[in-house]
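Structure first, then comments.
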Amino acid sequence: MMDTMVLRTADITTETDLNGDFLKDGLLHCGVCGEPKERLFSGGQLLPGLKLYKHPLMCACERKARETEERRLLEQKHESEVQRLKEKCFDHRIMGSWTFEQSILDDQKLKIGRKYVENWPDVLQKDLGLLLWGKVGTGKTYFAASIANALLYKEVPVRMTNLAAIMNCRYEERADLIKSFRQYDLLIIDDFGMERDTSFGMETVYQVIDGRYLDHKPLILTTNLSLVALKNPPDIDHRRIYDRVLEMTTGVRFLGANLREVQSKARKETLDQILK
C-alpha cells in the first residue's frame with residue numbers, strides 16, 4: 001500500500017487540484033514562491049508517461065510558516081514559564097508588573113539595576129548581593145521587584161518576600177518554607193529589620209540569612225535601617241545577623257523624596273481634573 005505521505009503528480013487531474021500551484025518538469029511547484037513542493041525519491045528518473053512516486057518537499061512559504069509557528073510555540077512556552085515563576089516569586093501579584101521601563105527612579109539607580117541583571121551569570125557565580133537602604137518610600141521595594149521581574153523574564157527562579165510573612169506562618173510550615181528558599185537562585189527580603197525583636201524572631205532571621213550564606217547564593221535586602229545602625233548593632237544577636245548581611249551584600253543608598261507621596265499627589269491632581 002502506498003504511504004499516505006507519498007504523492008503522485010499523475011493523481012492531479014484538473015487545474016483546480018493545483019490550488020494556485022503549477023507543474024514544472026513533472027514536479028509540483030508553489031504558485032507563490034516558485035519553489036518545488038515535491039521531489040523524486042533518490043535514484044528516480046523523470047521519464048515522460050511514467051507514474052513516478054515522489055515525496056513532499058517544503059517550499060519557502062511552508063518553511064517560513066513552520067518557523068513562525070515554532071517561534072509562536074516557543075514564545076507561548078516562555079510566557080507560560082515566566083508567569084509560573086512570577087506566581088511563585090511574589091506574595092503580592094501587583095509586584096509582577098513593576099519594571100525598570102515604568103520606574104520613576106533616577107537614572108543612576110536604573111543603571112545599577114540593569115547592570116545587575118545583565119551580569120547575572122557573574123553575580124550568581126560570585127554570590128553578589130545588594131543591600132538597598134534608605135528612608136521609607138524612596139523606591140527600594142520597587143527597585144528590588146524590578147530586578148526580580150527582569151530576571152524572571154530570563155527564566156531565573158527568584159523569590160521575594162519579607163521576614164514578617166515568614167514568622168507569621170504556622171510553626172510546622174516555617175521550617176519547610178525556609179528550606180524552600182534554597183531552590184531559588186535569588187532571594188529578596190523586603191523590609192529587613194522590621195521583624196519582631198525577640199529571640200525567636202532573631203533566630204528565624206539568622207536561619208534565612210545564614211542559609212543563603214552557606215548555599216553561596218545571592219541575597220537582596222531592602223531596609224529602612226542606616227548603615228550606621230547596621231554597623232553598630234545593639235546586642236550580640238543583632239551583630240551576628242548584621243555582620244553576615246554586610247559581608248554578603250554591597251550597599252546602595254536610596255535618597256530623595258518619598259515616592260509614595262509624589263504618586264499620591266499625582267493621583268489627587270488627576271482626580272481633581274476629572275472632577276472639574
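Because the structure is predicted, anything quoted here is derived from the model rather than measured.
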Legend entry - Interatomic distance, Leu132 atom CG to Thr222 atom OG1 [nearest 0.5 angstrom]: 6.5 Å
Inset, instruction - Compare every heavy atom of Cys89 with every heavy atom of Val158, then report the nearest pair and how far apart it is. - result: O-CB, 3.1 Å
Legend entry - By ring pair (Phe, Tyr, Trp, His ring centres under 6.0 Å) - contacts of Phe254 (at least two apart): Phe143
Legend entry - Separation between CG of Asp190 and OG1 of Thr161, rounded to the nearest 0.5 Å: 8.5 Å
Legend entry - Side-chain donor/acceptor of Tyr116 to backbone N/O of Leu128, under 3.5 Å: yes
Inset, instruction - Please check if Ile147 and Val123 belong to a single hydrophobic cluster, counting links between Ile, Leu, Val, Met, Phe, Trp and Tyr side chain heavy atoms closer than 4.5 Å. - result: yes
Inset, instruction - Please determine if Arg159 and Asp91 form a salt bridge, counting it only when a charged side-chain N lies under 4.0 Å from a carboxylate O. - result: yes
Inset, instruction - Please round to the nearest 0.5 Å and tell me the distance separating atom CZ of Arg174 and atom CD1 of Ile166. - result: 9.5 Å
Legend entry - Check ion pair Lys37-Asp21 (N to O, under 4.0 angstrom): yes
Inset, instruction - Please determine if Arg240 and Glu203 form a salt bridge, counting it only when a charged side-chain N lies under 4.0 Å from a carboxylate O. - result: yes
Legend entry - Lys/Arg-Asp/Glu bridge criterion (N-O < 4.0 Å) met for Glu67, Lys64: no
Legend entry - Set of side-chain contact (heavy atoms from CB on, under 4.5 Å) partners for Ser226, sequence neighbours left out: Trp133, Val228, Ala229
Inset, instruction - Would you check if there is a donor-acceptor pair between the side chains of Glu35 and His29 at a distance under 3.5 Å? - result: no
Inset, instruction - For the residue pair Lys88 and Gln183, confirm or rule out a side-chain donor-acceptor distance under 3.5 Å. - result: yes
Legend entry - cation_pi(Arg244, Tyr206) dist<6.0 Å, angle<=45: no
Inset, instruction - Identify whether the distance between the nearest side-chain nitrogen and carboxylate oxygen of Glu173 and Arg170 falls below 4.0 Å. - result: yes
Legend entry - Salt bridge present between Glu87 and Arg84 (N-O < 4.0 angstrom): no
